[in-house]
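Everything on this sheet refers to the single structure shown next.
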Amino acid sequence: MLIHLPILINHQEVPSPSLSPLSIQSINKLIRSISYTTHKARESKTQKRNTKARVVMEAALVLNSAVALAIAFLLGHIYKTVWLKCETMRRKLRMQGIKGPPPSILYGNLPEMQKIQANAAKPSSTSLASDIVAHDYTSTLFPYFEQWRKEYGPIYTYSTGMRQHLYVNQPELVKEMNQSISLDLGKPSYVTKRLAPMLGNGLSRSNGHCWAQQRKIVAPEFFMDKVKGMVGIMVESTQPLLRKWQDCVEAEDGVNADIRVDEDLREVSADVISRASFGSSNLRGKEIFAKLRSLQKAISNQSFLFGATNFAGRFLAMKKHDNIGNLEKEIESLIWDTVKEREQQCAGASSSSSSDLMQLILEGAVKDQSLGKDSSKRFIVDNCKNIYFAGHESTAVAASWCLMLLALHPEWQNHIRTELTQVCGDSLLDADSLPHLKTVTMVIQESLRLYPPAAFVSREALEDTQIGNIKIPKGLCLWTLIPTLHRDTDIWGHDANEFKPERFAEGISKACKIPQAYVPFGVGPRLCLGRNFAMVQLKIVLSLIVSKFSFSISPNYKHSPAFRMIVEPRYGVQILLRKI
Ligand code: HEM
């Protein structure tokens, strides 16, 4: 336009007869000035439009760069926290000759674990005693560990994406773990995080100083002297089960009854722990146990060992979390009601007559000056939750497995019965007779060897540390698979997969080559606090059942161990009971 105007003007410069040269000049000037103004206006409009476009483009560019930067940062962060952290650990382990399956960047070996699990053999539906006994639940529940053990040996490393793990099933190394008193090995935080609704920050979840302090308070309640004082309660709590089973036999044909044992054993266990540790056997106790069981199922549905691996899984996990949260609140308020009831009882009495676990926990919370009001409440509720759960579930499940193995081996029921008659005669079982009941102890030890309810011992290196001659980098999680150690023919001999309680006739130290590799109650400083309590309760319950009934495995029993935080019979244990 700027070029065309002068040309036009030039054309009009041809003089017209009616216009003077002056007026022509003025017109030209005017036209030029109008053209100039129009041009300027248009120019400014275009400039404005261009500026706006430039601003939009620049904003888009900034945004793009920010997104690119965020992605780069995220990738860098993932690389640093996921890959580099794990790769550094792997390098340190490789330098010590420890190998393992090659991991993928984001998910480590999880896809492979899922693939191996999907292809794993289902437990055979055999009812042959020898096949059931020989079935190592690791092969169906954790088949990847077995596969890698065959490929890489008893010590190898694997990854679950965010975490690097060390599988430790070499007896010498487990022995070292047993002997270590270091606080540098704690419970793996990523596992215990998922158990928080169940166990709070109580004894079995906490680490370091917090754990040591809680253990000091709770441990004395489970020393053998104290447990001996609970024998009467344990005998009394088993009576309703015996009466119920007798009634079942009467109701069927007066001789036999087909019984599913698990819930009845849970009730005994729950009653024992409620009365022995919390001084109550009330409806509230029953409600607490029922809710703990629902919580246990909800948490174990989350595949809590390895975590949800995809978004759908995470979404489902979030939905389940609502239910878990509600159960957690309900359990806590039930426990708190029990605590307040106890406080009122104590306030009413001139001196505290109860010296049970609840009392110890309450006194522990009062004595600990570092705890504020809220922390005191947490301390009390969390530790009660720990004992309610740890104290009843694993003992009941162990009793179920013992009955399953005894049902398959009636000759051992006879041995127990004979010894009971020799030791007790016609009198009731009491604390003095228990140490003489060697046969039932051997049966329990053998059952815990073949079917340990706790499948793993797990630890996390809280600092760089050393076990035996292996340097363990901070953050590495250690896993020892208990049944694998318990069925190792190098430790137990060629008959490791057979039920032979006689191997324990002269104690654990003579039963195998490396006694520290027998770990149904765990290892080292974190050894199960309630092992005396559990052993005494199991002895009493089994002795009383065997003294009243003989039993064989029911044709309705389906052998299918399931992992629900502990390994329990998926469909329960069903036995054919006969009154004697
Ligand atoms: C047959 C029954 C039981 C079995 C198989 C069993 C097994 C275990 C195992 C394997 C551990 C982990 C140890 C480790 O990480 O090294 C443990 C810890 C624990 N158990 Fe048991 N347990 C049983 C019964 C009980 C009972 C009856 C109580 C309490 C009344 C109890 C209370 C605890 C506590 C509080 C811990 C945590 C100890 C700590 O971290 O310091 N357990 N148990």
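Just so you know, ligand 1 is whichever comes first in the structure, and atom 1 is the first atom listed for that ligand.
Distances below 4.0 Å separate heavy atoms of Thr395 from the following atoms of ligand 1: 2 (C), 24 (C), 27 (C).
Protein heavy atom in closest approach to atom 5 (C) of ligand 1: Pro520 O, 3.6 Å. The protein heavy atom nearest to atom 12 (C) of ligand 1 is Lys187 NZ, 3.9 Å. In terms of protein heavy atoms, atom 28 (C) of ligand 1 is closest to Gly530 CA, 3.5 Å. Summary of contacts: the protein heavy atom closest to atom 18 (C) of ligand 1 is Cys528 CA, 3.6 Å.
In this structure, Arg503 forms no cation-pi arrangement with Trp492, as its terminal cationic atom is not both closer than 6.0 Å to the ring centre and no more than 45° off the ring axis.
The distance from the CG atom of Leu538 to the CE atom of Met234 is 9.0 Å, given to the nearest 0.5 Å. Separation of atoms CD1 (Ile416) and CD1 (Ile545) is listed at 10.5 Å; rounding is to 0.5 Å.
Between Val523 and ligand 1, at least one pair of N/O atoms sits closer than 3.5 Å.
Ion pairing between a basic and an acidic side chain is recognised when a charged N comes within 4.0 Å of a carboxylate O; Arg266 and Glu568 show such pairing. Salt bridge status for Lys329 with Glu332: absent, with no side-chain N to carboxylate O gap under 4.0 Å.
Using a 4.0 Å cutoff on heavy atoms, Val397 does not count as a contact of ligand 1. Contact analysis puts Arg459 in contact with ligand 1, with a non-hydrogen atom separation below 4.0 angstrom. Within the structure, ligand 1 lacks Phe456 among the residues with a heavy atom less than 4.0 angstrom away.
Close placement of the Tyr158 and Phe145 rings is indicated, their centers lying within 6.0 Å of each other. Here the two rings, on Phe142 and Tyr167, have centers that are 6.0 Å apart or farther.
With a 4.0 Å heavy-atom cut-off, ligand 1 is reached by the side chain of Phe533 but not by its N, CA, C or O. When heavy-atom distances to ligand 1 are checked against a 4.0 Å cut-off, Val519 has no atom that comes that close, whether in backbone or side chain. With a 4.0 Å heavy-atom cut-off, ligand 1 is reached by the backbone of Ser204 and by its side chain too.
In this structure, Gln239 places its CD atom where more than 12 heavy-atom neighbours from other residues, nucleotides or ligands lie under 6.0 Å away.
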